[in-house]
Colleague: 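Below are the structure tokens for one structure; questions will follow.
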Amino acid sequence: MNVLIIGSGAREHAMAWAVARSSKVSTVFVAPGNGGTATMGGKVRNVSIKATDIDALLDLVARESIGLTVVGPEQPLEAGIVNRFREAGLKVVGPTAEAAQLETSKVFAKEFMKRHGIPTAGYEVFNSLASANNHVETLSTCSTNVESLPIPSWPQVIKASGICAGKGVIIAANKDEALSANTAMFESRIFGDAANEVVYEDFLTGQEASVFALTDGENYRLFLSAQDHKRIGEGDTGKNTGGMGAYAPAPIVTPEVMKKVEEQIIRPTLKGMADEGHSYTGFLYVGLMIDNGQPSVVEFNARLGDPETQVVLPMLKSDLFDALLASVDGGLEAVPFEMQAGAAATVVMASAGYPDSYETGREITIDPAVNDLEGVLVFHAGTRREGDTLVTSGGRVLSVTASAPSLREALDRAYRAVDAIGFEGAYFRRDIGAKAL
Ligand code: AMP
Ligand code: GLY
């Protein structure tokens, strides 16, 4: 069968790599793909169609007899790509636009979790500067939660409801910061229409981790848990990014925690969505805060994470294609879904200046010795081919991954590969996975 992967990041490069391993797959098309998917050779080829150009993607699927489409990023999901493909009688992995609201509307997600008793931070929703400012005035000035004073206190987490590339969250330490955030969102409109509605959440303490499921709407299979590194700087400092590295599994997600995640979060979410008429299908990303063994939902995403995919997929021993097809055709509960023993880590190499402005077009050199490093996979994100040279074309450039019997060895291998790759201004964190060692 021919398969189409939609997207252009390292997540999609990892998906193309995993799907191409299946003997049942003939050609893997990636739209639009990147410099990595352009040069995998074998079964994988890029098609120059934007991830949101649904009409052109439908034409491609008809022209190339594509039997299964997998949607990587959230924008086409929000635009209803799954609805359109299903109306055309096509097989597609992902949720409908209605079901994808678990990611694309934080207001929808919070109200849904409240209706179904799914553990998450307390919240309030505002749709004007005046109402948000009034709310700030009512908050306690205490800096800690005092049990006899059940008023939410500082910090407060202020979120644009819509999607904004993981950047729509401001953590306000006090009243002044909250008032500035309100002005930035409602008046300066730094997040545009994504902040037409704004969610105020109580601040959760604990450790973050993510859990990923593939679901047909009722049955689901779990990948390994993972931990992302969202901040640009070592020691989790500086600005938020799309993600600077990840590892899997996350030791904080013990079997007991995973059991709670399944019982208190995943099952009620799938049942609740189905009961409300928006059966949730495809990948479900559950972003968690775990405090004293109790998980709460920080966010849902309607897709796999980037860079988490780059560690989660290499740890899947079974055929990903079989599972993807079963998630559409049925039989997901019976398909093999085995994980490798050991661990995987990925280190993101970024352009100088990222996540602010950065320059592109820098030549990338990869020492061929990287190909001989055991367990190493170099997934591309912002790269492009210019004739015979590979050049940078984005903020996050490469996601250098390694798997090994232990996390320490996986990290050693990944950093050995990073040291054999260069481009002017390359930036990466040296402390990926350090917390888990
Ligand atoms: P989100 O886009 O909702 O995942 O938020 C981005 C990041 O902000 C998360 O990964 C957390 O580090 C932080 N965050 C979001 N919500 C909360 C919360 N309620 N309490 C503490 N930190 C949070
Ligand atoms: N790594 C976080 C995300 O994909 O949203």
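Counting convention: from 1, in listed order, for ligands and their atoms alike. These numbers come from a predicted model, not from an experiment.
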Colleague: Show me which atoms of ligand 2 lie under 4.0 Å from any heavy atom of Gly305.
Modeller: 4 (O)
Colleague: For atom 14 (N) of ligand 1, find the nearest protein heavy atom and state the residue, atom name and distance (0.1 Å precision).
Modeller: Val298 CG1, 4.0 Å
Colleague: Have a look at Val211 and tell me which of Val312, Leu224, Leu288 forms a side chain to side chain contact (heavy atoms under 4.5 Å, CB included) with it.
Modeller: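 Only one of Val312, Leu224, Leu288 forms a side chain to side chain contact (heavy atoms under 4.5 Å, CB included) with Val211, namely Leu288.
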Colleague: Check ligand 2 against Asp228 and write out every atom of the ligand that is under 4.0 Å from a heavy-atom position of the residue.
Modeller: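 Near Asp228, meaning under 4.0 Å from one of its heavy atoms, ligand 2 has 1 (N), 2 (C).
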Colleague: Any idea which atoms of ligand 1 are less than 4.0 Å away from a heavy-atom of Lys230?
Modeller: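 Contacts of ligand 1 toward Lys230, numbered from 1: 4 (O), 10 (O).
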Colleague: Among all protein heavy atoms in this structure, tell me which lies nearest to atom 13 (C) of ligand 1, with the distance rounded to 0.1 Å.
Modeller: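 For this ligand atom, the closest protein heavy atom is Ile171 CD1, 4.2 Å.
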Colleague: Decide yes or no on side chain to side chain donor-acceptor pair (under 3.5 Å) for Glu308 and Gln227, but give the supporting numbers first.
Modeller: CA-CA 7 Å; Glu308 296 95 325; Gln227 209 159 28; over 6 Å; no
Colleague: Can you tell which of Val297, Asn240, Val169, Ile158 gets a heavy atom nearest to atom 8 (O) of ligand 1?
Modeller: Val169
Colleague: Checking the N or O distance criterion of under 3.5 Å, is ligand 2 in contact with Arg11?
Modeller: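 Not met; the criterion fails.
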Colleague: Dump the intermediate steps for salt bridge (Lys or Arg N to Asp or Glu O under 4.0 Å) on Asp216 and Arg221, then the final yes or no.
Modeller: CA-CA 9 Å; Asp216 60 13; Arg221 304 305 292 270; over 6 Å; no
Colleague: Answer yes or no: does atom NZ of Lys271 have more than 12 heavy-atom neighbours from other residues, nucleotides or ligands under 6.0 Å?
Modeller: no
Colleague: With heavy atoms of Asp202 as the reference, note each atom of ligand 1 found under 4.0 Å away.
Modeller: 18 (C), 19 (N), 20 (N)
Colleague: Tell me the protein heavy atom at minimum distance from atom 16 (N) of ligand 1, and give that distance in Å.
Modeller: Lys159 NZ, 3.0 Å
Colleague: Is it the case that Asn34 and Glu12 place a side-chain donor and acceptor less than 3.5 Å from each other?
Modeller: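 The answer is no; no qualifying pair exists.
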Colleague: Between Lys230 and Glu299, is there a side-chain N and carboxylate O pair less than 4.0 Å apart?
Modeller: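 Salt bridge flag = yes for Glu299 with Lys230.
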Colleague: Okay, side chain of Lys239, backbone of Arg231: is any donor-acceptor separation there less than 3.5 Å?
Modeller: no
Colleague: Show me which atoms of ligand 2 lie under 4.0 Å from any heavy atom of Gly242.
Modeller: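 Result: 1 (N).
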Colleague: Output yes when the distance from some N or O of ligand 1 to some N or O of Leu204 is under 3.5 Å, and no in every other case.
Modeller: yes
Colleague: Checking Tyr415 against Arg430: is there a side-chain donor and acceptor pair closer than 3.5 Å?
Modeller: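 Their side chains do not contain a donor-acceptor pair, so the 3.5 Å distance test is not met.
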Colleague: Identify which of Asp236, Ile170, Val157 has a heavy atom lying nearest to atom 17 (C) of ligand 1.
Modeller: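 Considering heavy atoms of Asp236, Ile170, Val157, the nearest to atom 17 (C) of ligand 1 sits in Val157.
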Colleague: Below 3.5 angstrom, do we get any N/O pair linking Lys230 and ligand 2?
Modeller: no
Colleague: Under 4.0 Å, counting heavy atoms only: does Gly243 come that close to any atom of ligand 2?
Modeller: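 Gly243 does not count as a contact of ligand 2 under the 4.0 Å cut-off.
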Colleague: Once the angle between the rings of Phe112 and His116 is folded into 0 to 90°, is it parallel (under 30°), tilted (30 to 60°) or perpendicular (over 60°)?
Modeller: tilted
Colleague: Report the nearest protein non-hydrogen atom to atom 4 (O) of ligand 1: residue, atom name, distance rounded to 0.1 Å.
Modeller: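 Among all protein heavy atoms, the one nearest atom 4 (O) of ligand 1 is Glu299 CD, 2.8 Å.
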Colleague: For atom 12 (O) of ligand 1, which protein heavy atom lies nearest, and how many Å away is it?
Modeller: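 Result: Glu208 OE2, 2.4 Å.
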Colleague: Would you mind listing which atoms of ligand 2 come within a distance below 4.0 Å of any non-hydrogen atom of Asn301?
Modeller: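 It comes down to these atoms of ligand 2: 5 (O).
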Colleague: Among side-chain atoms of Ser399 and Thr346, is any donor-acceptor pair under 3.5 angstrom?
Modeller: yes
Colleague: Just to be sure I read this right, does ligand 1 sit under 4.0 Å from the backbone of Thr205, its side chain, both, or neither, counting only heavy atoms?
Modeller: neither
Colleague: Check ligand 1 against Lys106 and write out every atom of the ligand that is under 4.0 Å from a heavy-atom position of the residue.
Modeller: 1 (P), 2 (O), 3 (O)
Colleague: I'd like to know if the side chain of Ser180 pairs up with that of Glu177 as donor and acceptor (distance under 3.5 Å, no hydrogens or angles considered).
Modeller: no
Colleague: Does the plane of the ring in Phe223 sit parallel, tilted or perpendicular to the ring in Phe283? Use 30° and 60° as the thresholds.
Modeller: tilted
Colleague: For ligand 2, which atoms sit closer than 4.0 Å to a heavy atom of Arg303?
Modeller: 3 (C), 4 (O), 5 (O)
